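Taking it in order: structure first as structure tokens, then the write-up.
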There are 4 protein chains.
Amino acid sequence: MSRSASRSANGTPAARPGRPRSAAVDRAVVEAVLRQLEEGVGIGELSIERTAREAGVGKAAVYRRWAGKEELLLDVLRSLDDDTAPVLQGACVRDDLVALLEHLRRRGLAGRSSAVLRTVIAQVRAHPRLWREYHETVVAARRRAFAEVLRRGVATGEVRPGVDVGLLTDLFTGPMLARAVLHDWQELPEGLAETIVDTVLEGVRPRVRPR
Amino acid sequence: MSRSASRSANGTPAARPGRPRSAAVDRAVVEAVLRQLEEGVGIGELSIERTAREAGVGKAAVYRRWAGKEELLLDVLRSLDDDTAPVLQGACVRDDLVALLEHLRRRGLAGRSSAVLRTVIAQVRAHPRLWREYHETVVAARRRAFAEVLRRGVATGEVRPGVDVGLLTDLFTGPMLARAVLHDWQELPEGLAETIVDTVLEGVRPRVRPR
Amino acid sequence: MSRSASRSANGTPAARPGRPRSAAVDRAVVEAVLRQLEEGVGIGELSIERTAREAGVGKAAVYRRWAGKEELLLDVLRSLDDDTAPVLQGACVRDDLVALLEHLRRRGLAGRSSAVLRTVIAQVRAHPRLWREYHETVVAARRRAFAEVLRRGVATGEVRPGVDVGLLTDLFTGPMLARAVLHDWQELPEGLAETIVDTVLEGVRPRVRPR
Amino acid sequence: MSRSASRSANGTPAARPGRPRSAAVDRAVVEAVLRQLEEGVGIGELSIERTAREAGVGKAAVYRRWAGKEELLLDVLRSLDDDTAPVLQGACVRDDLVALLEHLRRRGLAGRSSAVLRTVIAQVRAHPRLWREYHETVVAARRRAFAEVLRRGVATGEVRPGVDVGLLTDLFTGPMLARAVLHDWQELPEGLAETIVDTVLEGVRPRVRPR
DNA sequence: TCGTAATCGAGACGGTACGTCGTGTCTTGAG
DNA sequence: CTCAAGACACGACGTACCGTCTCGATTACGA
């Protein structure tokens, strides 16, 4: 997150001496970044200098909070990522998988996010350190959710055992992610989650019609 | 590729006036970029200035060939991508899919490429214009190959009809790409291609044992 | 002079926001130029780039102060020209003329100035805009001083009336300047001022010996 | 002059093998320089590159003839300096001095020369080596002519003895040169030569009226 | 009527400097 | 201690010339 403005152990902000940091500055900076991104400024042209100028804020105030352009972007990314984990019914594994995937799809095109989110992800991808951090936070959490459901599926007999759970996760998420992040042609269509889940579950061999 | 050194219609290089461009310069520059990339220089720090210096080449000589950092990178990327399309047997759709996927896997970790290729891809991803170009060249070609095989599979009855071919392609390539490009944890293990193809073909429902 | 660091009307430096410019930078740059000049670097080879490097200063810091090489040189020139106007006795016109000319001669060979000053003048001469500025500041002041003394001479009867004062000025200063600036053979010898003044005053016709 | 295209001892051009140099190139280049100068291009902006381009000539062809920008300028300067030495009557020293000075004045403002000549002189002044060369050729010749006349004047009793001839020369030429080269305000007015000569001869003391 | 050889135009070559911009740090005075 | 403002050293940007070099083509001469 932002650079730690030192906090005491229990989490309550230590009453530090001097003028407290203005929350308005934080907001102004993040807003300025988003505004530029939406105006199509392109991350190459994004600079702390310009951002501070547009936010009506001193450069020092920015550097006091973030160590550099990437850290700032990471925070912007997280601000877009209101991670309200999806509610799972728990009844049917297939439905839970659809719910997870639908959640992923939604975040890939929701309102403001849309282009911006995908852009920022693409950028953060280019910075190993940040990517790792983002990965560990967001991606790993998602994978854990899938893995859990899939393991339950194996237990209930809804999913064939003997396949690595990690691979299974990629089997479901990979197609969606490839579409969203790698080729960002079009918006991800409604019903995509269901189609993927069902197709992976059933396979693409011709159905054996029971007589 | 490089900036056009205008050619006559028939393809033979038009005898242009003046001293011809030195191929040694092209080589030196591309090598310098690769060297830096291998030293972990990170695309952000890559600069034409530094590259020219390390290549022992004038900046002008670089700008004569490439319009900017991105164009140069694109060329470097392509130089890594000796796209010797995989040979397909054509006998069995399943085997052809494995061959295609294996080819993809190999290029994701072969020799020099390895880290560099993945880094560059991650970086290029952040530059929409370059990404589009790379996508149209490399990614689209790969998708076409998959689509062709899959259509054959539908025709021969090896693949269930009624599923969008584009989606099918993502079902096979997505998991591999997600592993290679999105989470670049480990090397892609041997046998991954086969596992993916078979799992997607068969589905993950428990097998219905015919009596 | 330097680029205006805007001042309030009354002349006291307006308390501008932000970090004030470091006087050390000004000094370092001017010193660096002088050092190079003394090492015989020749004005053609003088470059802002090199100067900034040698002064241990960023290029931007230089451009913040001077609009270009010429402006900088002009400042250097002025720094050599500590115009402590000569003290005039006011008693005898002839002596005042000698004092003025002697002052001019001195500045034409004094210590450090010597070669450097003459070089810089020769250089600045080649830049119309700068020359005009230098001329208006330094040369015009000098001419005014001469004109004043000469007018007094006409009034007191020490100088024949009917000769244009501007021309008279050139009659006295021209020979000295021609020696110093046009042919810079040797140093200007002691006693040159007196010789010139007396010769111009008396003329070069053979003396009419009163009986 | 131009770089020596080696000549045999007797002065006739040695018949060298290979294609002879085209006189048209020499002309085109000098013309191009003059054209630019007249268009007010300013010597700073003059570049061999641009000149060759405007002359429709290869850079190499220029460098084959002149060692650099300054040498070229020197040649241009000389081409302006049609040194038809003035014809001297030889009867009266005063008239000869006027003739010499009038010649100097004329060359300082004649037709095409005018601005261009003075500009080029000012520029050449800034290059010690070239200046020396120009000085030795043009200036020294002029001084010799003055010195000769003045020595004759001393012999005939028209000029007071005991004054250094070199200084005397500067007494006459200095004022004119100062006006032309140092302050190039206005054109040098008609009659200036006579005024200077007479004033220096007679001095500026009030005339002693013999009874 | 041939080479031979220096010329021509064009333009690439490794350099250096240009003047601008962005980096991250530092330094003001004010709050 | 924070704030906006802005100076600081640094280094990259893309362009222009520098003076040298390599091209293919042209133009003279002597063999």
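Values in this document were obtained by computation on a predicted structure and should not be read as measured data.
Side chain of Arg50(B) to main chain of Leu46(B): no donor-acceptor pair is present (N/O by atom type, distance under 3.5 Å, no hydrogens or angles).
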Which pairs, protein N/O on one side and nucleotides 10-13 of chain E N/O on the other, fall under 3.5 Å?
residue	atom	partner	partner atom	Å
dA12(E)	O4'	Arg19(B)	O	3.2
dA12(E)	N3	Arg19(B)	NH1	3.4
dC13(E)	OP1	Ser22(B)	N	3.1
dC13(E)	OP1	Arg65(B)	NH2	2.2
dC13(E)	OP2	Arg64(B)	NH1	2.4
dC13(E)	OP2	Arg65(B)	NH2	2.6

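Partners of Glu70(D) under the side chain to side chain donor-acceptor pair (under 3.5 Å) rule, at least two apart in sequence or in another chain, do not exist in this structure. Residues that satisfy the side chain to side chain contact (heavy atoms under 4.5 Å, CB included) test with Glu39(D), not counting sequence neighbours, are Arg35(D), Val41(D). With sequence neighbours excluded, the residues satisfying side chain to side chain donor-acceptor pair (under 3.5 Å) with Lys59(B) are Glu49(B). Residues passing the side chain to side chain contact (heavy atoms under 4.5 Å, CB included) test with Ala24(A) are Ser22(A), Arg27(A), sequence neighbours excluded. Remark: Arg19(D) pairs with no residue by the side chain to side chain contact (heavy atoms under 4.5 Å, CB included) rule, at least two apart or across chains.
Spacing between atom CD of Glu54(C) and atom C1' of dT16(E) amounts to 14 Å, rounded to whole angstrom units. Put simply, CD on Glu45(D) is 12 Å from P on dC18(F), counting in whole angstrom units. Whole-Å rounding puts the Gln36(A) CD to dG22(E) P distance at 11 Å. If you measure from atom CZ of Arg50(A) to atom C1' of dT20(E), you get 14 Å, rounded to the nearest angstrom. Remark: P of dG19(E) and CD of Glu49(C) are 10 Å apart, rounded to the nearest angstrom.
Heavy-atom distances to DNA chain E give each of Arg53(C) and Leu46(A) a nearest nucleotide, and the one nearer the 5′ end belongs to Arg53(C). Both Glu70(D) and Ala55(C) sit near DNA chain F, but only Ala55(C) has its closest nucleotide nearer the 5' end.
Residue Tyr63(A) places its side chain closer to dG24(E) than to any other of dC17(F), dC13(F), dG24(E). Residue Ile48(D) has its side chain nearest to dC18(F) when only dA12(F), dC18(F), dT23(E) are considered.
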